[in-house]
Visitor: 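My structure is below; once you've seen it, I'll send some questions.
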Amino acid sequence: KHASQAEMKALVIKSSQSPSVEPARIINEVLEEWAKPLGISPTLCFGGIVLGTNTGGINVEYARAIVEKGAKVIWFPVLTAANHLMKTRHMSLEEAKRAGVYILENGKLIPQALEIIDLAAKNDIALSFGHLSREEMNALADEVHSRNYTKALIDHPFNSVTGLSVSDIVSMAGMGININFTYFELSPYCGVTAPAMVEAIRAVGIDKTILSSDTARVISPDSVECMRLFAEMLNVFGFEKQTITQIMSINPARLLNLNT
């Protein structure tokens, strides 16, 4: 409701536990009923699927079934990515591979990962690299670049789990990968400074930059407030209104096939 009142066009709901397509559908129905008598245009909610141990790893058939139900985003593994387990539970790579999901075999992408890229490209939906390692992300970037698929993205590049450098993301953006900076990175729980993020945005370039909240937790402002603060941050650092609109509206709308 807050998003609708703020005239936000859309929200994407992400859940690491289960697909969010059906919850998004229910929310849209409730919002439509609430907004109509108030003369408010309801914010559109979209869902997706996070692959991981709970989906049987890189489960292409399961992902396909969720995409057929309307998923707008596929995430490669997040909390059960081997890289995530290494960084948060201090496992060795071999331990993390056994407990989680790793998408390289002998340095090459496993066939299922290639099929997921094909699935996203065929259905013209977004594909996040999740919490994979730099090596896995580089392999994915090479593959999506070779296929001229332009809706791949890297979330929260400066999160301690992702741990990418400005040089890393500039290289990825040069291969057509979208870079999704998040308000969580600016929070005390991640600790990236506004000047550092602005410098990275300028290095990446506005065509491949998007912003999102990543803050659906009680320790953070809600998503609407996060986006307001993001807009003000860009304004304070001298970004023109047209550029702010490009980063915060036009670029994400392109990933979701929305008109702006």
Visitor: Indicate yes or no for a side-chain donor-acceptor contact from His156 to the backbone of Thr182 under 3.5 Å, with no hydrogens or angles considered.
Guide: no
Visitor: Has Glu240 got more than 12 heavy atoms of other residues, nucleotides or ligands less than 6.0 Å from its CD?
Guide: no
Visitor: How about Arg98 and Glu94: do any of their side-chain heavy atoms sit closer than 4.5 Å?
Guide: yes
Visitor: Do Val12 and Leu153 share a hydrophobic cluster, counting only Ile, Leu, Val, Met, Phe, Trp and Tyr and linking them when any side-chain heavy atoms are less than 4.5 Å apart?
Guide: no
Visitor: Are any of the side-chain nitrogens in Arg64 or Glu68 under 4.0 Å away from the carboxylate oxygens of its partner?
Guide: no
Visitor: Show your working on side-chain hydrogen bond (donor to acceptor under 3.5 Å, both in side chains) between Lys151 and Asn257 and close with a plain yes or no.
Guide: CA-CA 10 Å; Lys151 292 190 175 181; Asn257 295 317; 2.5 Å; yes
Visitor: Rounded to the nearest 0.5 Å, what's the gap from OG on Ser41 to CD on Glu7? Could you check?
Guide: 8.0 Å
Visitor: Can Tyr183 be reached from Ile244 by stepping across I, L, V, M, F, W or Y side chains whose heavy atoms are under 4.5 Å apart?
Guide: yes
Visitor: Given salt bridge (Lys or Arg N to Asp or Glu O under 4.0 Å), test Glu32 with Lys36 step by step and report yes or no.
Guide: CA-CA 6 Å; Glu32 183 72 31; Lys36 190 172 183 179; over 6 Å; no
Visitor: Assess whether atom CZ of Phe237 is packed by more than 12 heavy atoms of other residues, nucleotides or ligands within 6.0 Å.
Guide: yes
Visitor: More than 12 non-hydrogen atoms from neighbouring residues, nucleotides or ligands closer than 6.0 Å to CZ on Arg202, yes or no?
Guide: yes
Visitor: Strictly by modelled atom types, are Asn159 and Glu185 linked by a side-chain donor-acceptor pair under 3.5 Å?
Guide: no
Visitor: With side chains defined as the heavy atoms from C-beta onward, is the minimum distance between Ile210 and Leu255 less than 4.5 Å?
Guide: yes
Visitor: Under 4.5 Å between side-chain heavy atoms, hopping through other hydrophobics if needed: is there a path connecting Met137 to Met175?
Guide: no
Visitor: Check the angle between the aromatic planes of Phe129 and Phe76 and answer parallel, tilted or perpendicular using the 30° and 60° thresholds.
Guide: perpendicular
Visitor: Specify the closest pair of heavy atoms between Val204 and Ile179, including all atoms of both residues, with the distance to one decimal.
Guide: CG1-CG1, 3.9 Å
Visitor: Return yes if some donor-acceptor pair links the side-chain N/O of Thr80 with the main-chain N/O of Gly100 below 3.5 Å, else return no.
Guide: no
Visitor: Search all heavy atoms of Asn54 against all heavy atoms of Ser18 and return the closest pair with its distance.
Guide: ND2-N, 4.3 Å
Visitor: Applying the 4.5 Å side-chain criterion to the ILVMFWY set and letting contacts propagate, would Met197 and Ile206 be lumped into a single cluster?
Guide: yes
Visitor: Do Leu186 and Met233 have side chains that approach each other closer than 4.5 Å (heavy atoms only, starting at C-beta)?
Guide: yes
Visitor: Test Met86 against Tyr102 for side-chain contact (heavy atoms from CB on, under 4.5 Å), laying out the working first.
Guide: CA-CA 11 Å; Met86 288 174 61; Tyr102 190 70; over 6 Å; no
Visitor: Might you confirm whether atom NZ of Lys97 has over 12 heavy atoms from other residues, nucleotides or ligands at distances under 6.0 Å?
Guide: yes
Visitor: Mind checking whether Leu211 and Ile201 have side chains closer than 4.5 Å, heavy atoms only?
Guide: yes
Visitor: Test of understanding: clusters of I, L, V, M, F, W, Y form through side-chain heavy atoms closer than 4.5 Å, transitively. Do Ile247 and Leu229 belong to the same one?
Guide: yes
Visitor: Could you check whether atom CD of Glu95 has more than 12 heavy atoms from other residues, nucleotides or ligands sitting under 6.0 Å from it?
Guide: yes
Visitor: Could you check whether any side-chain N or O of Arg134 sits under 3.5 Å from a backbone N or O of Gly163, counting only pairs where one atom can act as donor and the other as acceptor?
Guide: yes
Visitor: Any idea which heavy atoms bring Ser128 and Asp155 closest together, and the distance?
Guide: OG-OD2, 2.6 Å
Visitor: List the atom of Gly48, the atom of Ile66, and the distance in Å for their closest heavy-atom pair.
Guide: O-CG2, 4.4 Å
Visitor: Tell me, please, which residues at least two apart from Asn28 pass side-chain hydrogen bond (donor to acceptor under 3.5 Å, both in side chains).
Guide: none
Visitor: Is the shortest heavy-atom distance from the side chain of Val67 to the side chain of Lys122 under 4.5 Å?
Guide: no
Visitor: Do Ser171 and Asp168 have side-chain N/O donor and acceptor atoms under 3.5 Å apart?
Guide: no
Visitor: Measure up the His131 and His84 rings against each other and bin them: parallel (under 30°), tilted (30 to 60°), perpendicular (over 60°).
Guide: parallel
Visitor: Kindly give the heavy-atom pair with the smallest separation between Ala139 and Leu104, and that separation in Å.
Guide: CB-CD2, 3.7 Å
Visitor: Nearest heavy-atom pair of Leu11 and Ala3: which atoms, and what distance?
Guide: CD1-CB, 3.9 Å
Visitor: Could you check whether any side-chain heavy atom of Asn83 comes within less than 4.5 Å of a side-chain heavy atom of Leu132, counting everything from C-beta outward?
Guide: no
